[in-house]
Amino acid sequence: MAGGMGGGWARRGSGVPLAQRVRGGAAPAPERPGAYCPGRHCWVSGAVDAEGVKRPGLLLEWRQVAGRWEGRVTYVARLRPLEANGGWAVVEEWLPAELLTPL
């Protein structure tokens with residue numbers, strides 16, 4: 001084929017591989033060794049849609065209220081009942097620790 005082909009076959013550009021190109025400015029700081037990430041995956045019982053199914057969720061933080069532990073979680077639940085062919089919505093709420101199970 002004379003004249004080369006499009007789609008990256010012809011040799012063009014700076015010759016520096018994309019993985020080695022760096023934009024100007026400071027490089028992002030590496031994460032500190034042992035840095036703590038509070039987010040944890042969990043199962044949520046007693047979801048707001050009351051379908052009786054454990055929903056996968058993300059535990060964001062803990063707090064103690066009146067001597068009981070609660071977790072702030074996000075998960076998805078049905079916005080409308082099944083009969084209405086409803087969609088899903090993201091829920092964020094504080095729930096008692098008894099309703100949260102680690103994955």
Side-chain angles (χ1 to χ4, degrees):
M1 208 171 255
M5 297 178 67
W9 289 96
R11 184 160 178 92
R12 288 177 276 174
S14 67
V16 177
L18 186 60
Q20 295 176 2
R21 297 180 196 175
V22 178
R23 290 184 179 206
E31 191 172 321
R32 294 174 302 159
Y36 175 73
C37 176
R40 299 282 184 261
H41 291 102
C42 66
W43 289 109
V44 178
S45 300
V48 72
D49 57 15
E51 290 185 7
V53 179
K54 287 185 177 181
R55 301 281 186 215
L58 180 64
L59 174 66
L60 303 171
E61 64 179 308
W62 289 106
R63 72 178 179 188
Q64 195 169 16
V65 177
R68 294 182 58 202
W69 284 99
E70 295 180 338
R72 184 168 65 105
V73 293
T74 59
Y75 60 95
V76 293
R78 287 195 192 275
L79 181 62
R80 303 271 183 247
L82 287 172
E83 298 83 35
N85 201 16
W88 294 85
V90 176
V91 177
E92 179 182 332
E93 64 179 335
W94 287 97
L95 290 173
E98 300 83 50
L99 296 180
L100 307 176
T101 308
L103 281 180

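Keep in mind that the numbers below use all heavy atoms, side chains included, and drop hydrogens, waters and symmetry copies.
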Inset, instruction - Using the salt bridge (Lys or Arg N to Asp or Glu O under 4.0 Å) rule, collect all pairs that involve residues 87-97, keeping only residues at least two apart or in two chains. - result: Arg72-Glu92
Inset, instruction - Evaluate the side-chain proximity of Leu100 to Val44: yes if any heavy-atom separation is below 4.5 Å, no if none is. - result: yes
Inset, instruction - Output every pair passing side chain to side chain donor-acceptor pair (under 3.5 Å) with a member in residues 37-48, not counting sequence neighbours, ordered by first then second residue. - result: none
Inset, instruction - Apply side chain to side chain contact (heavy atoms under 4.5 Å, CB included) to Ala47 and list each qualifying residue two or more places apart in sequence or on a separate chain. - result: Asp49, Arg55, Tyr75
Legend entry - Residues which pass side chain to side chain contact (heavy atoms under 4.5 Å, CB included) with Val90, listed by chain and number, not counting sequence neighbours: Val76
Inset, instruction - Report the residues that fulfil side chain to side chain contact (heavy atoms under 4.5 Å, CB included) with Trp69, sequence neighbours left out, ordered by chain and then residue number. - result: Trp62, Gln64, Ala97
Inset, instruction - Could you note down all residue pairs passing side chain to side chain donor-acceptor pair (under 3.5 Å) where residues 94-103 supplies at least one of them, sequence neighbours left out? - result: Arg68-Glu98
Legend entry - Nearest heavy-atom neighbours spanning Cys42 and Val73: SG-CG1, 4.1 Å
